[in-house]
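Computed over heavy atoms, backbone and side chain alike; hydrogens, waters and symmetry mates excluded. Remember, predicted model here, so these are calculated numbers, not experimental data. Order of listing sets the numbers, starting from 1, for every ligand and every atom in it.
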Amino acid sequence: MSHTAELEYTPEIAAATQPIYERMKSVVPEFEWPVHAPYVDAINRLKRERNAVILAHNYMTPEIFHGVADIVGDSLALARKAAETDAEVIVLAGVHFMAETAKLLSPEKTVLMPDMAAGCSLAASITGADVRLLREKYPGVPVVTYVNTSADVKAESDICCTSGNAVKIVESLGTDKVICLPDQYLARYIASQTDVEVIYWEGSCEVHERFTGDELRDYRKQFSDIVIVAHPECPEDVLKEADFVGSTAKMINYVGDEKPERVLLVTECSMSDNVAVEHPEVEFIRPCNLCPHMKLITLPKIFDALTNMEPRVEVDPEVAARARVTVERMLAHS
Ligand code: 13P
Ligand code: SF4
């Protein structure tokens, strides 16, 4: 794959990208823009030439999220939109399992992943063979699998879920027991919201598991009016301190609906930046953790992917056929 030379910041590019910069200037320093602008300009042109659409997760940095993305959202929204788009090419600005899910739902499309190394600690925590062993141990118990997994793991499961629909999916099965894989914290959160017995795996998100209840209690002492909004991948003592728990999209909607004066989003760092752009009236208190996988995705890598039309995500057709069913079952319920 060829890597492009650094693109130049010209007066024409400065003028053409000024309106885009205006939107994000509260979170992207002015001295950074000459580095981003040539890529924003070039990517937005290349996208049209290639009939490509850029799907970006809420954890992308603001210059990607507000500069080049066509569709932004949580894992559920990205899966839905991947299934619906008419574009020939999907660039997935997120992590590998998201690109794989897009490919499962749109096998005829070219799905580009700007950096194949962008993984996920949850996806890495379990294999298809592990799921087969669990099925032997708990015969007849349905397996609900978080989308943060490989196609192999999805192929061995009954239905997928995301943090946005997990409780609904578990309850839709009508059983008194389910196996929820692979996030132990999401599984415990689901168990706290339903009477269904939840058997869980010991996986965790390396970003959300680092938050603690103690640090949130300290913030509450410092800012008595603070509203705490947390992602269900966080440990139980963190969720206990939260005023609201939900997927990244639900967290964003909560801020938009409630417009708290001061909010703490207990999740990946770029989320607060991206939401702050839309809500200048809200003060964001920012203890946050970076996802090293999400942060592998950069504008130059998106530009390279669109220029070279690679790296492409491919899934073994036999695995894809079985994995697709589990994602489609989830989408039918959402
Ligand atoms: P959602 O955006 O679906 O809430 O997922 C968060 C996450 O950690 C994705 O990797
Ligand atoms: Fe995986 Fe956590 Fe990073 Fe999301 S934030 S990609 S769950 S490691």
Side-chain angles (χ1 to χ4, degrees), residues 55-61 64-65 69 71-82 92-102 105 113-126 144-150 153-154 160-169 180-190 193 200-211 229-235 238-239 242 244-255 265-275 287-297 327 330-331 333-334:
L55 268 53
H57 187 261
N58 292 325
Y59 295 161
M60 288 295 104
T61 46
I64 295 175
F65 189 93
I71 291 157
V72 294
D74 64 357
S75 314
L76 180 60
L78 297 185
R80 271 210 201 106
K81 300 293 176 183
L92 206 305
V95 291
H96 188 267
F97 75 80
M98 295 175 177
E100 212 175 45
T101 305
L105 294 169
M113 180 69 214
D115 190 327
M116 283 291 195
C120 169
S121 64
L122 283 167
S125 73
I126 190 160
V144 179
T145 290
Y146 200 21
V147 281
N148 298 40
T149 46
S150 66
V153 168
K154 290 183 176 81
C160 281
C161 73
T162 72
S163 53
N165 59 18
V167 177
K168 193 169 156 190
I169 296 283
C180 282
L181 307 174
D183 186 350
Q184 58 180 305
Y185 297 120
L186 178 65
R188 287 185 181 134
Y189 173 70
I190 297 167
Q193 303 294 305
Y200 59 85
W201 187 251
E202 297 279 340
S204 53
C205 160
E206 68 187 88
V207 176
H208 292 95
E209 73 176 348
R210 299 213 303 270
F211 293 105
V229 180
H231 194 276
E233 289 169 9
C234 294
V238 169
L239 298 185
F244 177 78
V245 176
S247 75
T248 56
K250 289 184 177 175
M251 294 170 79
I252 294 171
N253 290 343
Y254 181 89
V255 174
L265 300 183
V266 192
T267 193
E268 212 274 342
C269 297
S270 294
M271 258 266 295
S272 292
D273 286 341
N274 293 333
V275 189
C288 65
N289 291 323
L290 277 171
C291 173
H293 310 288
M294 292 279 181
K295 299 295 92 125
L296 285 176
I297 308 303
V327 181
M330 168 186 84
L331 292 178
H333 275 289
S334 309

field: Lys250 side chain reached by Asp74 side chain, heavy atoms, under 4.5 Å
entry: no
- request: Number the atoms of ligand 1 from 1 as they appear, then name those within less than 4.0 Å of a heavy atom of His57, with their elements.
  value: 1 (P), 2 (O), 5 (O), 6 (C), 9 (C)
task: Under 4.0 Å, heavy atoms only, figure out whether ligand 1 is touched by the backbone of His231, its side chain, both or neither.
output: side chain
message: With a heavy-atom distance limit of 4.0 Å, tell me whether Val95 approaches ligand 1 through its side chain, its backbone, both, or neither.
response: neither
query: Cys180-Cys161 sulfur separation below 2.5 Å?
result: no
- prompt: Counting only N and O atoms by type, is there a donor-acceptor contact under 3.5 Å from the side chain of Lys154 to the main-chain atoms of Thr149?
  reply: yes
message: Checking the side chain of Asn148 only, and the main-chain atoms of Phe97 only, is there a donor and an acceptor separated by less than 3.5 Å?
response: no
query: Under 4.5 Å between any side-chain heavy atoms of Met294 and Met98, yes or no?
result: yes
task: Look at atom 10 (O) of ligand 1 and say which protein heavy atom is nearest, naming residue and atom and giving the distance to 0.1 Å.
output: Asn148 ND2, 3.5 Å
query: Any non-hydrogen atom of Met98 lying under 4.0 Å from ligand 1?
result: yes
- prompt: Can you list the ligand 1 atoms lying under 4.0 Å from a non-hydrogen atom of Ser247?
  reply: 4 (O)
message: So does Thr162 get a backbone contact from the side chain of Ser75, meaning a donor-acceptor N/O pair under 3.5 Å?
response: no
field: Where ligand 1 meets Asp74 - atom numbers and elements under 4.0 angstrom, heavy-atom basis
entry: 1 (P), 2 (O), 3 (O)
statement: Asn148 heavy atoms within 4.0 Å reach ligand 2 at atoms 7 (S)
field: Within-2.8 Å protein N/O/S contacts of atom 3 (Fe) of ligand 2
entry: Cys291 SG
- request: Return the residue, atom name and 0.1 Å-rounded distance of the protein heavy atom closest to atom 3 (O) of ligand 1.
  value: Ser75 OG, 2.7 Å
- line: Of Asn274, Thr248, Thr267, the one forming a side chain to side chain donor-acceptor pair (under 3.5 Å) with Asn58 is Thr248
message: For Ser163, which part has a heavy atom under 4.0 Å from ligand 1: side chain, backbone, both, or neither?
response: side chain
field: Side-chain heavy atoms of Glu100 within contact of Ser150, under 4.5 Å
entry: yes
- request: Go through ligand 1 atom by atom and flag the ones less than 4.0 Å from a non-hydrogen atom of Glu233.
  value: 6 (C), 7 (C), 8 (O)
- request: Apply side-chain contact (heavy atoms from CB on, under 4.5 Å) to the pair Glu268 and His231, showing each step before the final yes or no.
  value: CA-CA 9 Å; Glu268 212 274 342; His231 194 276; over 6 Å; no
- prompt: Would Ile126 and Thr145 satisfy side-chain contact (heavy atoms from CB on, under 4.5 Å), going step by step from the backbone distance to the final call?
  reply: CA-CA 11 Å; Ile126 190 160; Thr145 290; over 6 Å; no
Mutual orientation of the aromatic rings belonging to Tyr59 and His208 [parallel < 30°, tilted 30-60°, perpendicular > 60°]: tilted
- request: Could you tell me whether some N/O pair between His208 and ligand 1 is separated by less than 3.5 angstrom?
  value: no
message: Test your reading of the model: is there a side-chain donor-acceptor pair from Ser121 to the backbone of Ser204, 3.5 Å cut-off?
response: yes
field: Region of Thr162 that comes within reach of ligand 1 [heavy atoms, distance under 4.0 Å]
entry: neither
message: Need the ligand 1 atom indices (1-based, order shown) with element for anything under 4.0 Å from a heavy-atom of Met294.
response: 10 (O)
- request: Could you give me the CA-CA distance, side-chain angles and deciding distance for Ser163 and Tyr189, then say whether side-chain hydrogen bond (donor to acceptor under 3.5 Å, both in side chains) is met?
  value: CA-CA 10 Å; Ser163 53; Tyr189 173 70; over 6 Å; no
